[in-house]
Amino acid sequence: MVSKNSEGTPKWKSNGNNHPQNLRRQLIVQQRKSLPIASVEKRLLEEVRKHDILIIVGETGSGKTTQLPQFLCNGGFCRDGKVIGITQPRRVAAVTVAKRVAEECEVELGQKVGYSIRFDDTTSATTRIKYMTDGLLLREALLDPLLSRYSVVIVDEAHERTVHTDVLLGLLKGVQLARSLEGRKDANSVPLKEANNVQNRVSLKPCQGSKLSPLKLIIMSASLDARGFSEYFGGAKAVHIQGRQYPVDILYTHHAEPDYVDAALITIFQIHMNEGPGDILVFLTGQEEIESVEKLIHERVQKLPESSLRLSVVPIFSSLPSEKQMLAFKPALSGTRKVILATNIAETSVTIPGIKYVIDPGLVKARSYNHRTGMESLIITPISKAQALQRSGRAGREGPGKCFRLYQESEFAKLVDSTTPEIKRCNLANVILQLKALGVDDIMGFDFMEKPSRTAIANSLEQLFLLGALTDDYKLSDPVGSQMARLPLDPIYSKALIVASEFNCLEEMLISVAMLSAESMFYTPRDKLDEARDARKCFTSVDGDHLTLVSVYRASAECLEKSRLAGSKDKKAEKTLNKWCRENFINSRSLKHARDIHSQIRGHVEQMGLHITSCGDDMLQFRRCLAASFFLNAALKQHDGSYRALASSQTVQIHPSSVLFRAKPECIVVYQMSSILYFGIKRVVISHLGKGGKKNQQIK
DNA sequence: GAGCACTGC
């Protein structure tokens, strides 16, 4: 039957099959059906119903992250307003996956499907599938210790073993037990002592009347260490899901390469001259190395025969301004092969399309932490087998690829299976503060998957005690400790804010702490060293780096304010600010981050009832406040002009980028202490073993 | 007068 409109003429309607939106729709349905996980939907649901804890080992491309939550939701796990939570180690993953799943479900983002990350929450009361960062779920647990809104929590990428993931695993284990005890309480089937232990540990507040359903836990990991997770969760069932990855040929060198940078260069040109089309991804250790390899490639390109394919070089590392990072994602022009020189950022954080060849020297620059001295170092070390696998996998995303490992096969066998979890190589003060706030008093007794050393725990407890966050018997102090635990900051910075409210300089300290918490503000391109230096001089304060950062922040705020007063909308004002950043050699991404932190922390501080006042021109007051709060990082000048850190007796030097580098005051407080060492397995680069301290502020 | 892998709340 043909319907007619009001004028009586026939109205025709296409079946819509050719509409771009419908084509996209069909494509999505097709793609979902072809995922390896699609064929095991029923089996997975059964396993989840049968087991309270399930380990899912899913290879790259299995579809586990996007599909499993949808299966569970359709399988009834969102009933009674319950939420399925999926944690990710990285913000960008939470956002992109949530957007994709919302599209697959044909819902608007923030309705049934949403994401929640720091500074950006798209969820609503109707959200049933919630993607989030693991750190954010930890923060949520402070407000809701039993995570009562969730029916299922899926911890994705658990093999990465970030600090947040590790703490979360221990916490979830306790929450699960407490909720199952809660559900069985009336049946009186649980020994009282056991129930009390868990209740005391997990929940700060007594549970509200309604009974809680048990919590389902799903741990998703890449193939290598499923056994470790299974053992940790009492022999939990592990399910394997096939991936969809193209084969990658692995090639090793015949001999040990004495210089991996040179070996990488030779390999780039060998691939370029002898192999078929496809881009090359080279893993290097840092900015300096990338820049020097870039220069060397440009020199050697001149010697290529005229007839050969062109070669374009694109660097990518995290501190590179975003617009320059984008170049790595642009397809190469026809007749050109792209060589991407990347740090570890390309291992997991970003996926660059078009890669067919990977060159892997087998090294990484990684942070290590000395629990005794409190000193951080960046050390170039061999990667783990898991990392080598992850790197080679980057060549097989779109078709068969090749990975050239610049070391011998016998060396590969010597690599450790997986990287040491971060929790064993970082300062634990923050972790301990959060656990204490969650009601875990016995840190040594907490069920870590891998327990940090006794020294590490003891030193961090000591630090928290000295900051006044803990009482004599190592319980969270009130109000200082609980206030510090509420702030998402390094405990020293949290303490500084509390002290600053007493010194009437909280306004300045809020800015300092936000600026110090973000990444480096100053961007210094090699070819514009002098210009960058001159620009920085405008902000320099003789009172130290903290106040220098304050003046950068205030100048940027003034620029934004002016632009808004002139009637600019937010977008335009932001553009104006970015232009200001470029002119002043400020990294706009870092500044944006600092502004976000500032507004978030300001909110917390106001809620706590602290008074936000400015010390005006009284810099002495601000410096006194720094001394009172950063005392753990104080250092005194010695005869030879170096400094001795009071807490650890380490000899440190002021970093040349500091405004106090020349002034050399008698006493300083530093905001970061780090040492630089070089170890090369292939390349003997023992260049210098000095210790550089970044200094900051003179104290009277 | 020197350099900073990468995340996250």
Side-chain angles (χ1 to χ4, degrees), chain A residues 87-94 116-121 132-143 157 160-168 283-292 316-320 342-350 363-368 376-381 383 387 419 422-423 425-426 430-431 433-434 437 484-491 493-494 514 517-526 529 532-533 587 590 593 596-597 600-601 604 641 653-662 664 672 674-676 678 687-688 690-694:
Chain A
T87 71
Q88 296 289 330
R90 277 172 297 280
R91 295 160 55 90
V92 61
S116 184
I117 57 178
R118 189 184 187 186
F119 312 131
D120 190 5
D121 179 9
M132 64 196 129
T133 42
D134 42 19
L136 197 104
L137 186 60
L138 271 180
R139 286 274 155 198
E140 251 186 61
L142 287 175
L143 305 171
E157 312 285 4
E160 290 193 22
R161 303 291 306 275
T162 66
V163 175
H164 288 156
T165 301
D166 272 22
V167 175
L168 196 57
F283 284 99
L284 296 167
T285 62
Q287 175 177 354
E288 203 181 345
E289 200 169 272
I290 286 173
E291 283 169 350
S292 76
I316 184 165
F317 45 88
S318 87
S319 60
L320 196 69
T343 57
N344 245 16
I345 195 171
E347 207 175 278
T348 47
S349 304
V350 301
L363 296 170
V364 66
K365 194 186 277 181
R367 176 168 51 200
S368 77
E376 264 179 13
S377 347
L378 284 168
I379 304 178
I380 296 175
T381 51
I383 57 173
Q387 272 182 297
T419 315
E422 197 187 356
I423 199 153
R425 47 190 174 88
C426 72
N430 222 341
V431 167
L433 196 59
Q434 276 204 45
M484 282 171 65
R486 276 175 65 189
L487 294 167
L489 290 171
D490 183 307
Y493 296 167
S494 304
S517 300
E519 304 74 35
S520 174
M521 285 301 142
F522 299 103
Y523 172 61
T524 324
R526 232 164 236 205
L529 266 177
R533 215 171 284 161
N587 187 328
S590 306
H593 192 196
D596 284 339
I597 297 172
Q600 188 193 35
I601 304 300
H604 278 291
Q653 277 160 4
I654 295 181
H655 194 276
S657 64
S658 166
V659 299
L660 293 184
F661 179 73
R662 282 177 209 280
K664 284 212 165 43
Q672 185 184 53
S674 56
S675 63
I676 314 294
Y678 290 97
S687 68
H688 103 53
K691 294 172 186 78
K694 286 198 173 174

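Throughout, protein chains are lettered first and strands after them, A, B, ... in sequence-line order, and every chain is numbered starting at 1.
- Atom pair A:Ile379:CD1 and B:dC6:P shows a separation of 17 Å (rounding to whole Å applied).
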ask   = Yes or no on side-chain contact (heavy atoms from CB on, under 4.5 Å) for A:Gln434 and A:Leu138, after CA distance, side-chain angles and deciding distance?
value = CA-CA 9 Å; A:Gln434 276 204 45; A:Leu138 271 180; 4.0 Å; yes
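- Shown here are the side-chain contact (heavy atoms from CB on, under 4.5 Å) partners of A:Ser319, two or more places apart in sequence or in another chain: A:Gln287, A:Phe317.
- Taking atom NE2 of residue A:His164 and atom P of nucleotide B:dC6, one finds them 18 Å apart after rounding to whole Å.
- Regarding A:His593, its NE2 atom lies at a distance of 15 Å from the P atom of B:dC6, rounded to whole Å.
- Counting any heavy atom pair closer than 4.0 Å across all strands shown, A:Ser520 reaches no nucleic acid atom.
- Residue A:Ser319 places no side-chain N or O under 4.0 Å from the OP1 or OP2 atom of B:dC4.
- Nearest nucleotide to the side chain of A:Arg662, out of B:dC9, B:dG1, B:dA5: B:dG1.
- Partners of A:Arg139 under the salt bridge (charged side-chain N to carboxylate O under 4.0 Å, His left out) rule, at least two apart in sequence or in another chain, do not exist in this structure.
- For the pair A:Gln287 CD and B:dG3 P, the interatomic distance rounds to 12 Å; values are reported in whole Å.
- Computed from coordinates, the A:Glu160 CD to B:dA5 P distance equals 19 Å when rounded to whole Å.
- With distances taken from any side-chain atom of A:Phe317 to the nucleotides B:dG8, B:dG1, B:dC6, the minimum falls on B:dC6.
- Note on A:Thr133: a side-chain N or O is less than 4.0 Å away from OP1 or OP2 of B:dC9.
- A salt bridge does not link A:Glu288 to A:Lys365: none of the charged nitrogens lies less than 4.0 Å from a carboxylate oxygen.
- Contacts of A:Arg139 with the nucleic acid, taken as non-hydrogen atoms under 4.0 Å apart, include base atoms.
- Place A:Pro488 and A:Thr285 on DNA chain B by their nearest nucleotides, and A:Thr285 ends up nearer the 5' end.
- With B:dT7, B:dC9, B:dA5 as the choices, the nucleotide that has an atom nearest any side-chain atom of A:Arg118 turns out to be B:dC9.
- Each of A:Val92 and A:Gly286 has a nearest nucleotide on DNA chain B; the 5'-most of these lies closest to A:Gly286.
- As a whole-Å value, the separation of A:Asp166 CG from B:dG8 C1' is 14 Å.
- Counting only heavy atoms from C-beta on, A:Arg533 has its side chain closest to B:dA2 among B:dA2, B:dA5, B:dC6.
- For A:Arg91 and B:dC9, the shortest distance from a side-chain N or O to OP1 or OP2 is below 4.0 Å.
- B:dG3 atom C1' lies 13 Å from atom CD1 of A:Ile380, rounded to whole Å.
- The nearest whole Å value for the distance from the CD1 atom in A:Ile383 to the C1' atom in B:dC6 is 15 Å.
- A:Arg486 places no side-chain N or O within 3.5 Å of a backbone atom of A:His604 that could act as its donor or acceptor partner.
- OP1 or OP2 of B:dC4 has not a single side-chain nitrogen or oxygen of A:Ser318 nearer than 4.0 Å.
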